[in-house]
Amino acid sequence: MYRLHLSLKFLSHHWLMTAIGSFFVGASLVILVVVMAVMDGFQERLKDTVSGASADFIVTPRFAADLDRLAVTLKSNIPQVVEASPFEQSLSFVQRTGKVDPLEDKLQYAQVYGIDGWREQAVNRFGEYLWDRRHGNRLTVQDIREPFKVYDALDAAAGTRGVIIGSGVRNELRVVVGDRIRIAALRRKKGTGSGSEAADYDQDWLVFRVVGIYESGNSEKDAHCLFLDWRVVQELWSSDLRRSSVRCKLKSSDDFDAARRALGARIETVIRDSASRPETVTGFDAALLPESWKTENQTLVRAIESEKSMILIIAFLIVVAGTSSIFAAQWLLVSDKIREIGILRALGAGVEGVMSIFVFNGFLMGLIGSVGGTLLGLFVVKKIDSVHEIVKVVTGRDVFPSDIYLFSSIPTRVNYDDVLRYSVAALFCTLIASAIPALRAGLMDPARALHRE
Amino acid sequence: MSDARSAAATTVPALEAKDLHKAYRLRQETIEILSGLDLVVARGESVAVVGASGSGKTTMINMLGLLDRPDTGSVRIAGEDALAASGSRRAQMRNQRLGFVFQFYHLVNELSALDNVLLPARIGAPWFGWSARKAEMTARARALLARVGLAGRESHRPQQLSGGERQRVAIARALVLEPDVVFCDEPTGNLDPRTARGVQDLLLEVAPAGRAMLLVTHDEAFARRCDRVLRLADGRLRPSAADAASSAGTFASGGAA
Ligand SMILES: Nc1ncnc2c1ncn2[C@@H]1O[C@H](COP(=O)(O)OP(=O)(O)O)[C@@H](O)[C@H]1O
Ligand SMILES: [Mg+2]
């Protein structure tokens, strides 16, 4: 074991070089661990925002189904499903009531979502998006258990329904909670033919009272969404003008594939127990489409993935830059130790032996650097808000303004598997970085090395 | 093993070189340094080589010490053909059969005197075999350090030792694995005369016991204290004129001892 012995002796006698070599590896790992933890934290918050507005598992039947029964059936037949809630989706137009200013008031198209307020809360924490974060952080509905309830006695008597509108819709219509808006319900004319003629359809403009404001942070969605009670949507929109689903929460959002397989296995039971008229559901109609928030938000998911791979490439370059310091340190060490290399060869060390000394050397530097850097990185992640404060004081500017990011603290998420992968990758890079100087040492001509002045 | 060794010693020379040629090629010109060098050193014999500076003495030691390869010729260490052996076998032979003492001591500065002496033993130990040998080797190294007059200086680093003391450590290191041949390349060339004298006494006392010593020196007096003196000139070794006249008989008696 003279290889390790000498390697340790060289390391401790050339501690400055050791320190510099390990420092850069360590620094690159600190950067890597912190940047990736913050990136992952952001991604998670973002996914949370998007998936929160959507659901883990969305089942859409091709046949006419009783959504209440479908929800119950899914919950009892698919072990991964924890909660299930009916969901209706359609399109509409909205307008403010009263005098319409043709210059200011554009006709807005809207996505209509019919939900069961309370069960929806269980599926995707609907209530968390009903807060007015900018003005006092208040809940915008009166009671989160009955979000669509209209409290005005006159309205209630007249049967006026409540609507929750997206924050973007509110801004466009210039309305506040308590105002009324008009919504166009699309329906088939009674007693008309096949539904293939434009004349078969009609729209009813109905007045609703705004009972809450929804803000998911996804501006596209917030600009065009309306939430109504799902029974109201079923009543006012014809069935061929809406899409009816049941949205479920799974034990874990990773359970999608398992849930889909379970649904496939129990498909007949699910259809029999949920179809409005089971005897008519056969062949082509006997189908249910399972989706997840990922299939609903494919563009965003893909954007996140590609962003992540970009970051990984950058991360890899950081590690390569960090480990190149090992290369430099080892190259200098070999140049400094030519005489010793000659001595070792004269005393019987082989090419492999001399190489091992320098490979060990680089590896140990890398080990010190990557263990130290990883631990320091994890510490920084843990204390990220204090570090943020220090950065603020030192640089005199807020690098992370909370009003822009909407988060009061910097989100972080440490994926320990990834952290392990980074440090192993860094170690691997140091091995490669020290291999070339080690090869130079090993292949040195011993006679010349010994007699070099 | 030791019986076989001593039995072989009577017949097989410790070092045998035949018709060594070595030339260095520099851009256009080729300088021939060794041209047909022959040498046989018996076990227990000490041979001194003298010669002008640049005559190729160090080159010769590099070839005989398996640190470099001659262009042609053969080198046998205790009967084993060293030029036919693989690189790793040659390294093993350097480790176990050869010892070196250089003009500039060539100690490893990061190691204590004791660790320097132990270095050949560590190098020769198998990957995980050192701990089994450590105690025995350490005792041997301490005894050798005491033998060269450095008892109590085991933990000192080379920088904390004088030139003469460093060379004594180097001598102990060359002997720790009991080699067949000890090569000394101007071992006193860097020492003041008084210190040199002490190192010379030590070398002549400890080195040839049961092994061979090949000594390169500029010091004619030192050379004459060896069993035989050869002169390197024109790439060959010839008996030194003075030596041929005065100590022709020494070779026979030294070889028989
Ligand atoms: N690696 C080498 N390349 C070219 N020439 C060399 C090399 N090594 C030694 N020489 C030359 O060989 C000659 C003999 O050198 P050396 O063996 O060191 O002589 P000595 O030890 O007798 O003083 C010198 O002229 C020297 O310049
Ligand atoms: Mg020389």
Side-chain angles (χ1 to χ4, degrees), chain A residues 1-19 329-330 332-361 363-365 438-453, chain B residues 22 24 58-63 65-69 86-112 115-131 133-134 157-159 170 173-174 176-177 179 183 185:
Chain A
M1 289 303 267
Y2 72 98
R3 303 163 180 86
L4 197 55
H5 181 242
L6 275 171
S7 190
L8 289 171
K9 291 283 178 187
F10 286 168
L11 279 180
S12 55
H13 277 80
H14 301 264
W15 60 269
L16 190 62
M17 210 185 286
T18 309
Q330 287 301 106
L332 286 177
L333 186 66
V334 169
S335 308
D336 192 49
K337 292 279 167 260
I338 291 178
R339 194 181 61 102
E340 280 77 3
I341 292 165
I343 298 171
L344 289 168
R345 295 296 304 278
L347 298 183
V351 173
E352 164 274 328
V354 169
M355 278 184 68
S356 310
I357 292 171
F358 292 95
V359 170
F360 270 141
N361 223 285
F363 183 77
L364 289 173
M365 275 189 206
L439 204 64
R440 175 179 165 226
L443 297 182
M444 211 168 266
D445 176 359
R448 285 193 198 192
L450 269 175
H451 300 112
R452 210 174 116 114
E453 294 305 313
Chain B
K22 179 71 181 181
Y24 288 118
T58 298
T59 305
M60 173 192 74
I61 286 204
N62 288 343
M63 303 302 141
L66 314 184
L67 293 167
D68 201 351
R69 280 178 170 276
S86 69
S88 64
R89 175 65 193 147
R90 285 154 59 86
Q92 205 175 19
M93 287 166 79
R94 283 198 298 273
N95 181 246
Q96 286 162 8
R97 297 191 177 284
L98 308 181
F100 294 91
V101 178
F102 301 101
Q103 178 178 359
F104 298 103
Y105 331 124
H106 283 344
L107 299 179
V108 177
N109 288 332
E110 285 82 357
L111 302 179
S112 65
D115 278 336
N116 263 291
V117 176
L118 280 173
L119 194 51
R122 277 188 197 268
I123 290 175
W127 267 91
F128 296 103
W130 174 241
S131 52
R133 277 181 211 186
K134 189 174 178 185
R157 301 198 177 281
Q159 296 96 315
R173 182 179 68 184
V176 71
L177 290 184
F183 295 99
D185 192 355

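Letters A, B, ... are given to chains in the order of the sequence lines, protein chains preceding strands, and every chain is numbered from 1. The structure presented is a predicted model; accordingly, all values stated were derived computationally and were not measured.
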Ranking A/Glu352, A/Arg448, A/Arg345 by heavy-atom pairs under 4.5 Å to chain B gives rank one to A/Arg345
Contact summary for B/Ala91 and A/Ala349, nearest pair of heavy atoms: CB-O, 4.1 Å
So what's closer than 4.5 Å to chain A heavy atoms on B/Arg157: side chain, backbone, both or neither? side chain
Heavy-atom proximity to chain B below 4.5 Å, by part of A/Arg3: side chain
Tell me whether the rings of A/His451 and B/Phe102 are parallel (<30°), tilted (30 to 60°) or perpendicular (>60°). perpendicular
Report which part of B/Ile61 has an atom under 4.5 Å of a heavy atom belonging to chain A: side chain, backbone, both, or neither. neither
Below 4.5 Å from any heavy atom of chain A, which atoms of B/Arg90 appear? Answer side chain, backbone, both or neither. neither
Can you tell me how far CD of B/Glu110 sits from CG of A/Leu11, rounded to the nearest 0.5 angstrom? 10.5 Å
May I ask you to test the A/Ile343-B/Arg173 pair for a side-chain heavy-atom distance under 4.5 Å? yes
Residue selection (most heavy-atom pairs with chain A, distance under 4.5 Å) from B/Thr59, B/Val108, B/Leu118: B/Val108
Which value, rounded to the nearest 0.5 Å, describes the distance between B/His106 atom NE2 and A/Leu347 atom CG? 10.5 Å
CG-CZ distance between A/Leu4 and B/Arg122, expressed to the nearest 0.5 angstrom: 10.5 Å
Side chains of B/Leu119 and A/Leu6: does their closest heavy-atom pair fall under 4.5 Å? yes
Which bit of B/Thr58 comes within less than 4.5 Å of chain A, counting heavy atoms only: side chain, backbone, both or neither? side chain
Ranked by heavy-atom pairs below 4.5 Å to chain B, first place among A/Ala447, A/Gly350, A/Pro446 goes to A/Ala447
If you measure from CG on A/Leu344 to CZ on B/Arg94, what distance do you get to the nearest 0.5 Å? 10.5 Å
Is there side-chain contact between A/Arg339 and B/Asn109, with heavy atoms separated by less than 4.5 Å? yes
Heavy-atom neighbours of B/Trp127 CH2 exceed 12 at 6.0 Å: yes
